[in-house]
A.B. asks: 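Sharing a structure, written as structure tokens. Questions coming.
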Amino acid sequence: MKDSEQAVLAGMLQSAEDAAPVQAVEAVTGVIATALNARGVSLLIADLSGRALVRLTHQPAGGGTGRRHGEEDAEVLPFDGGPYERALRQQAPEVIRRDGTWTVLAPVTDRGEAIGLLEIELPDEPDGDVVNWVARTAHALAFVVIANRRHTDLFEWGQRTTPFSLSAEIQRRLLPASFTCEAGAFALSGWLEPAASVGGDTFDYSLARDLLHLSVTDAMGHGVASALTATLGVGSLRNSRRRGAGLVAQAEAANRAVAENANVRGAYVTAVLGRIDLTTGRCELVNAGHVPPMLVRDGRVVPVDLPGNFPFGMFPGESYRSGELPLLPGDRLVVVTDGMRDRNAADLDLPAALLRLSHLHPREAVRALSDAVLEIAGPALTDDATLLVVDWYGDHGPRRSTAGADTARVSPDEERSAHRRR
């Protein structure tokens with residue numbers, strides 16, 4: 001199918017280019033439907049809760065089966081352990097037979113970010129070549145979604161099964177565009193489970209040629225005031241990082257920014273900042289009055305001992321100190337906010353949960369941990385619960401797939417074995 005596949009890919013790209021951003025996915029799925037003589041093709045986008053898929057359709061005549069916004073319809077498909085959830089969670093195509101037709105589900109994923117599923121209804125049973133073709137096509141569709149969602153609110157609206165408050169809207173803009181990133185040396189994922197009244201948490205990361213930058217912050221208070229304080233902290237960190245400042249300089253700049261510009265008297269932001277050298281595994285960390293990071297290594301969970309520093313905003317002239325952590329292949333670095341440990345959430349044995357979930361890819365681990373917190377302390381949390389998980393592979397990380405994403409991490413034993421072979 002090589003020649004025909006290339007022709008379809010070219011047609012997909014041309015149709016996406018010719019269509020308006022809000023119509024790009026419809027145009028592309030039309031090309032796919034024609035190529036496979038499909039009875040129907042849909043994009044199911046992952047809901048922001050991480051617990052459902054959403055089918056977006058254009059219904060100009062009215063009606064529809066879900067939420068409406070003008071002529072747009074969003075049908076929510078909650079996870080139930082069935083083939084749709086399995087395809088997304090396990091990052092592998094599923095084939096379903098029902099009512100005389102065959103449905104192929106394939107993950108729409110880029111660098112570990114599970115964007116959603118491509119759903120194709122076929123008149124005949126697909127063979128392995130067709131299923132593999134659909135999987136590669138779904139991967140190409142990910143780039144169409146990424147390129148066009150920057151220009152429209154349609155995808156963001158579709159992913160929101162519950163309305164956002166103003167503070168939640170501000171907080172959402174402080175988070176990275178993708179919550180997950182896979183690369184040769186590492187895989188990471190973050191997750192934020194918001195409180196009923198947004199608690200000012202954020203996480204962030206940025207990848208340079210030889211460095212991975214990361215941060216987790218928690219602004220004092222709740223609501224809009226907390227979100228605005230968080231904006232000062234994150235904005236300062238990004239600004240100084242993009243100017244090439246070192247980790248300590250980033251912390252000191254954020255400290256001054258919050259102290260000098262916060263609208264709330266006594267406002268402060270706790271934070272853990274990190275910078276990992278991708279060539280050596282050397283991890284530099286700054287802890288500004290935050291919950292200590294945790295290291296999962298050799299079946300144990302230990303807090304990372306770092307020099308103490310005040311939260312950002314308390315003392316504008318304060319100097320900051322960093323510490324170092326040499327990462328080894330198989331290590332998992334975990335940074336959380338106090339919403340994962342305070343009040344009812346403290347009933348969760350977090351170290352035990354981290355060990356129990358150590359086999360999972362960071363993307364699935366953070367969601368499983370947030371589910372565990374909600375089960376104990378939810379459904380309405382009193383404080384944001386945020387976590388960032390980084391798996392370190394070093395120079396012998398797993399080979400990444402171009403269709404779908406990894407679902408399990410390479411075990412420490414496998415990583416050490418690979419390291420010895422090198």
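Any value given below was found using the heavy atoms of this structure, including those in side chains, with hydrogens, waters and symmetry copies removed.
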A.B. asks: Closest approach of T180 and S178, non-hydrogen atoms and distance?
C.D. replies: O-OG, 2.7 Å
A.B. asks: Step by step, would you call Q159 with W157 a side-chain contact (heavy atoms from CB on, under 4.5 Å)?
C.D. replies: CA-CA 5 Å; Q159 290 179 281; W157 168 78; over 6 Å; no
A.B. asks: To the nearest 0.5 angstrom, please state how far the CZ atom of R242 sits from the CD atom of Q250.
C.D. replies: 11.0 Å
A.B. asks: Can you find a side-chain donor-acceptor pair between H361 and E182 that sits under 3.5 Å?
C.D. replies: yes
A.B. asks: To the nearest 0.5 Å, what is the distance between CG (L333) and CZ (R297)?
C.D. replies: 10.0 Å
A.B. asks: Could you check whether atom CD of E17 has more than 12 heavy atoms from other residues, nucleotides or ligands sitting under 6.0 Å from it?
C.D. replies: no
A.B. asks: Report yes or no: does H290 contribute a side-chain atom to a donor-acceptor pair with the main-chain N or O of V336 at less than 3.5 Å?
C.D. replies: yes
A.B. asks: With a 4.0 Å cut-off, would you call R51 and D371 a salt bridge?
C.D. replies: yes
A.B. asks: Which heavy atom of A19 sits nearest to which heavy atom of A27, and what is that distance?
C.D. replies: CB-CB, 3.9 Å
A.B. asks: Does a sphere of radius 6.0 Å around CG in D18 hold more than 12 heavy atoms from other residues, nucleotides or ligands, not counting ones at 6.0 Å or beyond?
C.D. replies: yes
A.B. asks: With distance as the sole criterion, is a donor-acceptor pair present between the side chains of E193 and W191 under 3.5 Å?
C.D. replies: yes
A.B. asks: Less than 4.5 Å apart, any side-chain heavy atom of V286 and any of L306?
C.D. replies: no
A.B. asks: Using the rule given for side-chain contact (heavy atoms from CB on, under 4.5 Å), can you reason through V234 versus T217, listing the C-alpha separation, both sets of side-chain angles and the distance that settles it, and then say yes or no?
C.D. replies: CA-CA 8 Å; V234 174; T217 69; 4.0 Å; yes
A.B. asks: CG/N255 to CG/N309 distance, rounded to the nearest 0.5 angstrom?
C.D. replies: 9.5 Å
A.B. asks: For residues Y84 and E119, is any side-chain donor paired with an opposing acceptor at under 3.5 Å?
C.D. replies: yes
A.B. asks: Pairing donors with acceptors under 3.5 angstrom, does anything connect the side chains of D201 and T386?
C.D. replies: yes
A.B. asks: Hey, is E260 close enough to R256 for a salt bridge, meaning N to O under 4.0 Å?
C.D. replies: no
A.B. asks: Determine, for E284 against R275, whether the closest basic-nitrogen to carboxylate-oxygen distance falls under 4.0 angstrom.
C.D. replies: yes
A.B. asks: List the atom of D383, the atom of G199, and the distance in Å for their closest heavy-atom pair.
C.D. replies: OD1-CA, 4.0 Å
A.B. asks: Is F203 close to P176 at the side-chain level, that is, under 4.5 Å between some pair of heavy atoms?
C.D. replies: yes
A.B. asks: Return the minimal non-hydrogen interatomic distance between A267 and A262, and the atom names on each side.
C.D. replies: CB-CB, 3.7 Å
A.B. asks: Are the side chain of H139 and the backbone of T109 linked by a donor-acceptor contact shorter than 3.5 Å?
C.D. replies: yes
A.B. asks: Does G223 offer a backbone N or O that forms a donor-acceptor pair with the side chain of S226 under 3.5 Å?
C.D. replies: no
A.B. asks: Verify side-chain contact (heavy atoms from CB on, under 4.5 Å) between T231 and I170, making sure each step is shown before the conclusion.
C.D. replies: CA-CA 8 Å; T231 300; I170 296 170; 3.5 Å; yes
A.B. asks: Taking the side chain as every heavy atom from C-beta outward, state whether V41 and L118 have any atom pair closer than 4.5 Å.
C.D. replies: yes
A.B. asks: Can you check whether M12 reaches T137 side chain to side chain, under 4.5 Å on heavy atoms?
C.D. replies: yes
A.B. asks: Got a second to check how far R332's CZ is from L357's CG, nearest 0.5 Å?
C.D. replies: 8.0 Å
A.B. asks: Hey, do the aromatic rings of Y205 and F179 have their centres closer than 6.0 Å?
C.D. replies: no
A.B. asks: Would you give the length of the straight line joining atom OG of S42 to atom CD of E75, rounded to the nearest 0.5 angstrom?
C.D. replies: 9.0 Å
A.B. asks: Got a second to check how far L77's CG is from L88's CG, nearest 0.5 Å?
C.D. replies: 11.5 Å
A.B. asks: Any carboxylate oxygen within less than 4.0 angstrom of a Lys/Arg side-chain nitrogen, looking at E169 and R160?
C.D. replies: yes
A.B. asks: Find out whether V269 and D218 are in side-chain contact, i.e. whether some heavy atom of one side chain is under 4.5 Å from a heavy atom of the other.
C.D. replies: no
A.B. asks: Distance alone, cut at 3.5 Å: any donor-acceptor contact between the side chains of S167 and S165?
C.D. replies: yes
A.B. asks: Treating D153 as the side-chain partner and E156 as the backbone partner, does any N or O pair qualify as donor plus acceptor under 3.5 Å?
C.D. replies: no
A.B. asks: Closer than 3.5 angstrom, by distance alone: can the side chain of N148 be matched with the main-chain N or O of V144 as a donor-acceptor pair?
C.D. replies: yes
A.B. asks: Are T202 and V216 side-chain neighbours, meaning at least one heavy-atom pair lies under 4.5 Å?
C.D. replies: no
A.B. asks: With M294 as reference, evaluate V302, V389, L350, V335 under the side chain to side chain contact (heavy atoms under 4.5 Å, CB included) test and give the passing residue.
C.D. replies: L350
A.B. asks: Among side-chain atoms of D384 and Q171, is any donor-acceptor pair under 3.5 angstrom?
C.D. replies: yes
A.B. asks: So, for L53 and F79, which heavy atoms are closest and what is the spacing to 0.1 Å?
C.D. replies: CG-CE2, 3.8 Å
A.B. asks: Which atom pair, heavy atoms only, marks the closest approach of M220 to G266?
C.D. replies: SD-O, 3.7 Å
A.B. asks: Taking the side chain as everything from C-beta on, heavy atoms only, tell me whether L207 gets closer than 4.5 Å to L278.
C.D. replies: yes
A.B. asks: Side-chain contact, heavy-atom cut-off 4.5 Å: L36 with W133?
C.D. replies: yes
A.B. asks: Can R136 and E5 be counted as an ion pair, charged N to O under 4.0 angstrom?
C.D. replies: yes
A.B. asks: Do NZ/NE/NH1/NH2 and the carboxylate oxygens of R363 and E113 come within less than 4.0 Å?
C.D. replies: no
A.B. asks: Determine, step by step, whether E324 and R282 satisfy the side-chain contact (heavy atoms from CB on, under 4.5 Å) criterion, reporting the C-alpha distance in whole Å, the side-chain angles of both residues, the deciding distance to 0.1 Å, and the verdict.
C.D. replies: CA-CA 7 Å; E324 286 192 15; R282 174 183 174 270; 2.7 Å; yes
A.B. asks: Looking at N239, I'd like to know if its CG atom is crowded, meaning that more than 12 non-hydrogen atoms belonging to other residues, nucleotides or ligands lie closer than 6.0 Å.
C.D. replies: yes
A.B. asks: Whether the side chain of S236 engages the backbone of A254 through a donor-acceptor N/O pair (distance < 3.5 Å, no angle test) should be reported.
C.D. replies: yes
A.B. asks: Taking L328's backbone N and O only, do any of them form a donor-acceptor pair with D331's side chain (distance below 3.5 Å, no angle check)?
C.D. replies: yes
A.B. asks: When you look at F315 and Y268, which way does the ring pair (Phe, Tyr, Trp, His ring centres under 6.0 Å) test go after all the steps?
C.D. replies: CA-CA 10 Å; F315 303 101; Y268 63 85; over 10 Å; no
